[in-house]
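Read through the structure below, which is laid out as structure tokens, and then see the notes.
Note that the numbering runs from 1 along the sequence shown for the chain.
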Amino acid sequence: MAAAPVWSVDPRTGKQREQVAVEATAQEVDQAVRAAHEARSALADRTVRAAFLRTAADLLDAAKDHLVEAADAESALGPVRLTGELARTCFQLRAFAKVVDEGAFLGVVIDHPDDTATPPIPDLRRYKIPLGVVAVYAASNFPFAFSVPGGDTASALAAGCPVVVKAHPDHPATSELVASVIRRAAARHDIPEGVLGLVHGFEAGVELVKHPLVAGAGFTGSVRGGRALFDAAAARATPIPFHGELGSLNPVVITEAAAAERAEAIGAGLAGSMTLGVGQFCVKPGLVLAPTGEAGDTLVKSLTAAVSDTAAGVLLDHRMRDNFVAGVAERAQLPDVEAPVTPGAGGEHTVSPGFLTVPAARLAVEGGEHDLLLEECFGPVTVVARYASAAEITSVLSRLPGNLTATLQLSAAEETGEGRGAELLTELTPLAGRVLVNGWPTGVAVAPAQHHGGPYPATTSTSTSVGGTAIERWLRPVTYQTTPEALLPPELRDDNPLALPRRFNGSLEN
């Protein structure tokens, strides 16, 4: 049976543009994984690794116009958005190069023998080593930042792990172009091109997570797809870590005082956040708790005006468009649900943004038909739940699953400690990996203190996929005990020939 072709599709028209590749067979997946496995030693030198990451960023920068054009043709995200996303991706590669140079991620700890301790301490030396080949499952909504050159790939390469990427079907041509750029960067440092494998096709993705030489996996996508791969990773004869980002509602709580103080600004800010990128951000605010009463009405009026002024847009593919149109229609038909701005089909290939309102009391009832409103709906829509009391806020929050973000909108007085600000912050903290005050969750800065993750189903682990600590996902610690100095790796020798930050006999050294 011939392998199925992989086509690049224009989401603006739904028409096929060109055949890019064919879906990989099990044998081709095996070849890609084995080639990656053979490339491990080429990443052993941290200096080479860091240089490779910087060169990859430089070459992606140099190819910017061509890459942005290709990505726009497959995603309809627009040159401005994609140019910024590519710049972010290059910044992230360079940031990981700096992490590699610094070496703190190795977590070097050396303890000399201490016979006076109870029990006695032998000579112990600990650091972290790469897991091995990492499988990366590209996301649909970020052709650069969460795909072939994205955070999972960058952090894995920084850790010293070769990567095999399962390309997303929404941007196969972009994936091929980016992979070729990264392989050229590898060649400049005598790293085999197998250090970055690329495969296409659903079955290829299944074969990839099951391959015995794959030591870990990173995924960004749907709950259904991610959970299936997560279960497959756990069911292997040798289970592997699976770091999946699956879905998030990203709740927002607006206090009565905040609404009374700046309802119009909050409404406009919410509209901008929920419609950004046609609502296709994983951190889009999908549930908003807003007060009843005059201030809340003013906020909804502001939101109505801002969303009404937002043009219809193209989603990443027609399957997502169909799911969005069906999903908002089903939600809008629920009892007591209103649509001040009706979301749905905007044209043959577009969708119109909108939002729904519902009494918060409806969401406090477990097992009811309104539970659908507590599920993510991918696209430019949010649900505004109008609460009449603090108890209703608590009741709704208590029913929410894990999220990537949670946001609290406070008044100026509440920012200083007055009112329930601190109490609400405490209620939101268990729900998310990033908690914002008086901001909006769309936009994830690449910074050392960033955390892009959260309780399940936001992610399947406690790690982050953005920021320097994302490298920790692809490492495991190992301790050498009573090992002669001459046999130790240079990272663990007393004289510290690599000048690494470490903890030496209980004290931090830089």
Problem set entry | Heavy-atom donor-acceptor pair, Asn250 side chain to Pro285 backbone, under 3.5 Å | no
For this session: Apply the side-chain hydrogen bond (donor to acceptor under 3.5 Å, both in side chains) test between Thr55 and each candidate in His189, Arg188, Arg184; give the one that qualifies.
Result: His189
For this session: Please tell me if the side chains of Phe219 and Val209 come closer than 4.5 Å, counting only heavy atoms from C-beta onward.
Result: no
Exercise. Could you walk me through whether Phe96 and Ile471 pass the side-chain contact (heavy atoms from CB on, under 4.5 Å) check?
Worked result: CA-CA 8 Å; Phe96 276 114; Ile471 196 173; 4.2 Å; yes
Exercise. Do you know which two heavy atoms are closest between Val22 and Ala3, and how far apart they sit?
Worked result: CB-CB, 4.0 Å
Exercise. Given Val252 and Trp440, is the side-chain contact (heavy atoms from CB on, under 4.5 Å) satisfied, shown in steps?
Worked result: CA-CA 9 Å; Val252 177; Trp440 297 106; 4.1 Å; yes
Problem set entry | Beyond-backbone contact of Leu43 with Val48, side-chain heavy atoms, under 4.5 angstrom | no
Exercise. Any side-chain heavy-atom pair from Tyr127 and Val478 closer than 4.5 angstrom?
Worked result: yes
For this session: Check the side chains of Asp494 and His112 for a donor-acceptor pair under 3.5 angstrom, ignoring hydrogens and angles.
Result: yes
Problem set entry | Distance, nearest 0.5 Å, that separates CD of Glu376 from CG of Asn403 | 9.5 Å
Problem set entry | Sidechain-backbone polar pair: Ser147 side chain, Ala139 backbone, donor-acceptor under 3.5 Å | yes
Exercise. NE2/His452 to OG1/Thr405 distance, rounded to the nearest 0.5 angstrom?
Worked result: 9.0 Å
Exercise. If you measure only the distance, is there a donor-acceptor pair under 3.5 Å linking the side chains of Ser75 and His171?
Worked result: no
Exercise. Considering only heavy atoms from C-beta outward, does the side chain of Val444 approach that of Arg88 to under 4.5 Å?
Worked result: yes
Problem set entry | Non-hydrogen side-chain atoms of Leu315 and Pro380 separated by less than 4.5 Å | yes
Exercise. Donor-acceptor pair, Arg40 side chain versus His37 backbone, under 3.5 Å?
Worked result: yes
For this session: Please name the residue in the list His243, Gln450, Arg473, His451 that meets the side chain to side chain contact (heavy atoms under 4.5 Å, CB included) test with Ser465.
Result: Arg473
For this session: Over all heavy atoms of both residues, which pair between Glu28 and Thr25 is shortest? Give the atoms and the distance, please.
Result: OE1-N, 2.8 Å
Exercise. Which pair of non-hydrogen atoms, one from Ala138 and one from His168, has the smallest distance, and what is that distance?
Worked result: O-CD2, 3.5 Å
Problem set entry | Atom of Arg12, atom of Asp10 and distance for their closest heavy-atom approach | N-OD1, 2.8 Å
Problem set entry | Flag, side chain of Glu193 to backbone of Arg183, donor-acceptor distance under 3.5 Å | no
Exercise. Is there a donor-acceptor pair under 3.5 Å between the side chain of Glu491 and the backbone N or O of Leu106?
Worked result: no
Exercise. Side chains of Phe146 and Cys282: closer than 4.5 Å at any heavy-atom pair?
Worked result: no
Problem set entry | More than 12 heavy atoms from other groups under 6.0 Å of CD on Gln19 | yes
For this session: Please list, chain by chain and in numerical order, all residues satisfying ring pair (Phe, Tyr, Trp, His ring centres under 6.0 Å) with Phe91, sequence neighbours excluded.
Result: none
For this session: Output yes when a side-chain donor or acceptor of Asp317 lies under 3.5 Å from a complementary backbone atom of Asp170, and no otherwise.
Result: no
For this session: May I ask you to test the Asp58-Arg94 pair for a side-chain heavy-atom distance under 4.5 Å?
Result: yes
For this session: Evaluate whether atom CD of Gln481 has more than 12 neighbouring non-hydrogen atoms of other residues, nucleotides or ligands under 6.0 angstrom away.
Result: yes
For this session: Grab the two heavy atoms, one from Val314 and one from Pro11, that are nearest each other, plus how far apart they are.
Result: CG1-O, 3.4 Å
Exercise. Do you know which two heavy atoms are closest between Gly286 and Thr382, and how far apart they sit?
Worked result: C-OG1, 3.2 Å
Problem set entry | Sidechain-backbone polar pair: Glu102 side chain, Val99 backbone, donor-acceptor under 3.5 Å | no
For this session: Please check if the side chain of Lys284 supplies one atom and the backbone of Cys377 the other of a donor-acceptor pair under 3.5 Å.
Result: yes
Exercise. Between the main-chain N or O of Gly454 and the side-chain N or O of Thr459, is there a donor-acceptor pair closer than 3.5 Å?
Worked result: yes
Exercise. Are Arg34 and Leu213 close enough, and set up right, to give a side-chain contact (heavy atoms from CB on, under 4.5 Å), and what steps lead you there?
Worked result: CA-CA 7 Å; Arg34 292 188 183 280; Leu213 292 181; 3.6 Å; yes
Exercise. Do Arg125 side-chain atoms and Tyr480 backbone N/O form a donor-acceptor pair below 3.5 Å?
Worked result: no
Problem set entry | From CA spacing to verdict: side-chain contact (heavy atoms from CB on, under 4.5 Å), Val33, Glu207 | CA-CA 10 Å; Val33 173; Glu207 291 295 327; over 6 Å; no
Exercise. Should the pair Tyr137 and Phe242 be assigned to parallel (<30°), tilted (30 to 60°) or perpendicular (>60°) ring geometry?
Worked result: tilted
Exercise. Which one of Glu18, Glu74, Glu176 satisfies the side-chain hydrogen bond (donor to acceptor under 3.5 Å, both in side chains) criterion with Ser8?
Worked result: Glu74
Exercise. Taking the side chain as C-beta and beyond, is there a heavy-atom pair between Arg227 and Tyr456 under 4.5 Å?
Worked result: yes
